Structures are given as C-alpha cells and as structure tokens.
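Shown next, in structure tokens, is the structure this report addresses.
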Number of protein chains: 2
Amino acid sequence: MRLTPAMERYVLHWGEMGARWGVNRSVAQIHALLYLAPKPITAEEIADTLSIARSNVSMSLKELLAWGLVQRTPVKGDRRDHFEALRDNWEILTRIVEERKKREIDPTLSILRACAMEAAADGQTAAETRQRIEGLLEFLETLSLWYGQVKGLPKPVLIGLLKMGGRVARFVPKKRAGKARGAGDG
Amino acid sequence: MRLTPAMERYVLHWGEMGARWGVNRSVAQIHALLYLAPKPITAEEIADTLSIARSNVSMSLKELLAWGLVQRTPVKGDRRDHFEALRDNWEILTRIVEERKKREIDPTLSILRACAMEAAADGQTAAETRQRIEGLLEFLETLSLWYGQVKGLPKPVLIGLLKMGGRVARFVPKKRAGKARGAGDG
DNA sequence: ATCGGATTTCAGTAATTTCTGAAATCTTCG
DNA sequence: CGAAGATTTCAGAAATTACTGAAATCCGAT
C-alpha cells in the first residue's frame with residue numbers, strides 16, 4: 001500500500017506515542033496503518049508498506065487481536081488473511097482502558113491489599129507508611145468502582161456527559177458541615 | 001533506610017508498573033520509596049536502599065522534580081538535599097494527567113491538525129482516510145475540552161462526582177429525535 | 001496423502017534504553 | 001580563597017527489548 005505523506009506522518013507519530021505508553025512501536029504503527037486504511041489489508045502488505053519483517057507483523061497482529069483492536073476479515077476470492085481495525089473511537093478508547101485496567105490496575109489492587117495486610121501484621125512497618133498504602137488502596141478502589149459504574153452506561157449517555165463538561169458540577173450534592181474523610185485524603 | 005517486606009513488595013511492583021506505562025523503572029521505584037517514607041530522605045539513602053548508583057538517583061530525582069511529584073525539602077542541621085514525595089493521591093493523579101496531556105496529547109493534536117490539512121490538500125489521500133483523521137481529531141478535541149473544564153472544578157466537587165458514579169447519568173438531557181453526529185461517531 | 005502457499009514460532013542478532021563510575025561542577029564553611 | 005562534601009554530567013558498559021530470517025507448522029485444494 002502506498003502511503004501519502006499525511007498518512008506516513010500519522011503512522012510515525014502513532015508509533016512514537018505507542019512507545020511512550022509502553023506499546024511496542026511496530027504494534028502501534030500497524031494499528032495506525034489499519035486504522036487509516038480504507039479497506040482490509042494483508043499481513044504481507046503491512047510488512048511491505050512499513051518495511052518491517054513479515055514475522056514481526058505476525059506477532060504484532062497477534063497482540064492487536066488480543067487487545068481486540070483489530071480483527072481478521074475474510075475477503076472472498078483470496079485465501080490470505082486480511083485485517084482491519086476497529087473504527088469507532090469511543091470503542092477503541094474503552095477497549096484500551098478496559099484492557100489496561102484488567103492487566104495493570106486489578107493486579108495492583110491485589111498487591112496493595114497484600115501489602116496492607118502484611119504491613120499491618122509485621123509490627124515493623126511505620127504507621128505512616130501503613131496509612132499511605134491503605135490510603136492509596138482506598139483511592140484506587142474508589143476510582144475502580146466509579147469506572148465499573150460508568151463504563152456500563154449507554155454510549156449516548158457517556159457522550160452526553162462528555163459534552164456537558166464542567167456543568168455536571170451543579171448536580172453534586174452540597175457537602176454537610178463537619179470534616180469528612182473522602183477518597184484521596186489519605 | 002531499611003525496607004520492610006511489605007515496602008519492598010510495594011516498591012518493586014511500582015517499578016514494574018512504571019515500566020509498563022513508559023516510565024523508567026528506577027524513577028518509579030524512587031517515587032514509590034519517597035511516597036512510603038515517613039520523612040524526607042537524602043539521595044544517597046535512596047541509592048543505598050534501592051541498590052542503584054548515586055548518579056542514577058540524581059538523574060531520576062531530576063525527572064521526578066520536573067513532573068512535580070517530588071520536592072526538595074531542607075532539613076535543618078544537614079546541608080545535604082532531602083526529598084519527599086507529594087502525598088495527596090488526588091493531586092498525584094492530576095499532576096500525572098496534566099503532564100502527560102501537555103507532553104503527549106497536545107502535540108498529538110497539533111500533528112493531527114497538520115495531517116488533516118495536508119490530507120485535504122494533497123489530492124491523493126483517500127476520502128475514507130481523511131475522515132478517519134478528522135474524526136479522531138474531533139474526538140480528541142472533545143475529550144481535551146472536557147478535561148479542561150473538569151480539571152478546574154474544586155477537589156471536593158470532583159470527589160463528589162466520583163462518589164456519585166453512574167448516578168450522574170440521570171442528569172444527561174434526553175436526546176431529541178433524529179440522527180445526530182456526535183464525538184466518536186466518525 | 002501430498003503439494004504449495006500462508007502463517008507462526010523462535011533462536012540469534014541488532015538496536016535501544018538504562019545504568020554506572022569517573023570526572024567536573026557546585027556549595028558551604030573556615 | 002581553598003578545602004571538603006554534595007551533586008550533576010556524561011561517555012561507555014550492561015541489560016533489556018525489539019526485530020529478523022530460517023525453519024516449522026498449518027491449511028486448503030487436488
């Protein structure tokens with residue numbers, strides 16, 4: 001596939017962004033290419049277009065499939081696999097968030113729970129330190145709970161909320177008098 | 001400084017997490033250590049505790065200072081620099097988000113604008129492709145706008161919103177009949 | 001069953017990133 | 001000013017990560 005300069009710029013930048021967020025450069029570039037491509041393309045075409053080894057494309061596609069960001073699409077009259085990227089930006093975002101939560105946040109929560117228990121029991125971890133761990137655990141649990149509720153809302157509602165921006169603030173109930181501990185205070 | 005097993009586990013895990021999000025492992029470990037430490041500590045103490053070179057600690061601290069996640073704190077009667085981490089979890093989160101937006105999202109928006117213009121003008125980029133770029137640009141601009149509004153809200157309001165979870169959905173105005181294009185539809 | 005193309009795997013190599021130690025610089029105090 | 005300690009810089013070494021090409025496997029057609 002022939003890349004126009006605009007496409008090339010996009011693909012290179014996306015590769016760079018991926019690298020900064022812990023995603024392999026080739027994986028990100030391939031994703032960018034499939035995202036831009038007007039129609040499904042073959043692994044070999046990807047390799048040629050981006051000048052990377054066919055085997056690298058194979059492994060990278062495997063990863064993108066695992067993330068659910070790319071799918072195989074059969075093309076009639078051609079027995080080679082063709083690939084295309086998920087197109088809906090909202091869907092792309094939620095897939096990535098969902099996956100990273102599963103792979104990174106949830107395990108972190110487990111570890112924090114274990115650390116909190118261990119620190120409480122060992123009789124040698126400073127009280128301050130214990131509080132930090134417990135506070136962070138509570139904070140992440142609150143965020144996690146929020147995410148769990150919000151992700152279930154229908155897409156139009158989410159988009160509505162997004163478009164409301166700061167105006168949602170009107171609907172937050174006024175806090176009653178007195179000092180209350182809330183998420184993130186620890 | 002002597003690490004208890006719970007602290008060590010925390011520090012190692014945090015280093016790992018950092019690595020997955022594009023942050024150098026040592027930087028993340030140092031941040032974890034300072035976050036847990038009951039009082040400000042010196043660079044040398046960090047190097048000893050984590051068994052990394054003094055010079056590496058120096059560079060890593062520089063980076064953490066640039067992120068605004070750590071600060072120098074003078075300790076009377078000691079002319080060595082002491083360091084301590086920001087403690088408020090909410091503040092930590094917003095600093096990180098703010099900084100990554102500035103370093104990664106904003107430049108991405110610029111590049112997308114440039115790509116969109118170039119693609120519109122070159123007469124060789126497929127219409128489909130042009131729409132993808134424009135759609136993504138619009139999507140990211142919407143998110144960016146939302147963030148700009150929300151980050152300005154007072155912390156208690158933000159925490160209030162967080163605790164409301166999915167219940168905010170009640171306040172989204174009902175969409176009028178007819179097909180409307182919204183963020184992320186492209 | 002077997003042939004031919006498509007695809008995947010993986011061991012070794014290449015490239016990149018991270019880390020170190022020596023030297024340079026800065027800072028404070030006498 | 002000069003010494004001693006603290007800190008930073010940076011070139012090269014070490015470690016990690018990514019990429020490649022050859023070989024193995026898969027898969028459909030005959």
Side-chain angles (χ1 to χ4, degrees), chain A residues 1 11-34 40-67 70-84 103-104, chain B residues 1 11-34 40-67 70-84 103-104:
Chain A
M1 185 183 209
V11 167
L12 293 178
H13 179 75
W14 212 245
E16 217 51 46
M17 278 304 102
R20 292 213 187 191
W21 288 81
V23 176
N24 177 292
R25 195 179 309 261
S26 313
V27 172
Q29 284 187 0
I30 292 171
H31 181 248
L33 175 60
L34 291 173
I41 54 186
T42 65
E44 197 171 1
E45 209 170 348
I46 295 170
D48 292 347
T49 307
L50 301 178
S51 308
I52 60 186
R54 176 68 185 75
S55 54
N56 190 1
V57 173
S58 179
M59 296 303 249
S60 300
L61 283 171
K62 192 175 160 187
E63 188 162 348
L64 286 167
L65 289 166
W67 279 80
V70 161
Q71 57 183 203
R72 258 176 245 270
T73 26
V75 165
K76 84 165 178 177
D78 193 339
R79 73 191 175 88
R80 292 170 303 172
D81 282 338
H82 288 240
F83 298 87
E84 76 186 319
R103 297 180 190 196
E104 285 138 19
Chain B
M1 185 184 207
V11 167
L12 293 178
H13 179 74
W14 212 247
E16 216 51 47
M17 277 304 103
R20 292 213 188 192
W21 287 81
V23 176
N24 176 292
R25 195 180 310 261
S26 314
V27 171
Q29 283 187 1
I30 292 172
H31 180 249
L33 175 60
L34 290 173
I41 53 186
T42 66
E44 196 171 1
E45 209 171 345
I46 295 169
D48 291 348
T49 307
L50 300 179
S51 308
I52 60 187
R54 176 68 186 74
S55 56
N56 190 1
V57 173
S58 179
M59 296 303 252
S60 300
L61 282 171
K62 192 175 161 187
E63 188 162 348
L64 286 167
L65 290 167
W67 279 80
V70 161
Q71 56 183 198
R72 258 176 245 272
T73 24
V75 165
K76 81 163 179 182
D78 192 336
R79 74 187 173 89
R80 292 170 304 172
D81 283 340
H82 287 242
F83 298 87
E84 77 186 319
R103 297 180 190 197
E104 286 138 20

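Protein chains get the first letters and strands the later ones, always in sequence-line order, with residue 1 at the start of each. None of the values given here were measured: they were computed from a predicted structure.
Per the geometry, CG belonging to A:D81 stands 15 Å off P belonging to D:dC26, to the nearest Å. The separation between B:R80 atom CZ and D:dA4 atom C1' is 14 Å, rounded to whole Å. One can place CZ of A:R72 at 10 Å from P of D:dC27, the figure rounded to the nearest angstrom.
Side-chain N or O atoms of B:T49 include one that pairs as donor or acceptor with a backbone N or O of B:M1 at under 3.5 Å.
To the nearest 0.5 Å, atom OG of residue A:S26 and atom CG of residue A:L33 are 12.0 Å apart. Here the CZ atom belonging to A:R54 is positioned 8.5 Å from the CD1 atom belonging to A:I46, to the nearest 0.5 angstrom.
Using a 4.5 Å heavy-atom cutoff, the side chains of B:W67 and B:R103 are in contact. Within the 4.5 Å cutoff, the side chain of A:I30 has heavy atoms near those of the A:I52 side chain.
Close approach of DNA chain C to chain A, defined as any atom under 4.0 Å from a non-hydrogen atom of the protein, starts and stops at C:dG4 to C:dT17.
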What are the atom names and distances for every N/O pair under 3.5 Å that joins the protein to nucleotides 18-21 of chain D?
from	atom 1	to	atom 2	distance (Å)
D:dC19	OP1	A:S26	OG	2.8
D:dC19	OP2	A:N24	OD1	3.1
D:dC19	OP2	A:N24	ND2	3.1
D:dC19	OP2	A:S26	OG	2.7
D:dT20	OP2	A:A53	N	2.7
D:dT20	OP2	A:N56	ND2	3.4
D:dG21	N7	A:S55	OG	3.1
D:dG21	O6	A:S55	OG	2.7

field: A:I41 vs A:F83, side chain to side chain contact (heavy atoms under 4.5 Å, CB included): CA-CA, chis, key distance, verdict
entry: CA-CA 5 Å; A:I41 54 186; A:F83 298 87; 5.7 Å; no

query: For B:R25 and B:E16, what are the C-alpha separation, side-chain angles and deciding distance, and is it a salt bridge (charged side-chain N to carboxylate O under 4.0 Å, His left out)?
result: CA-CA 6 Å; B:R25 195 180 310 261; B:E16 216 51 47; 2.7 Å; yes

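In this structure, A:L65 and A:R72 approach most closely via the heavy-atom pair CD1-NH2, 3.5 Å.
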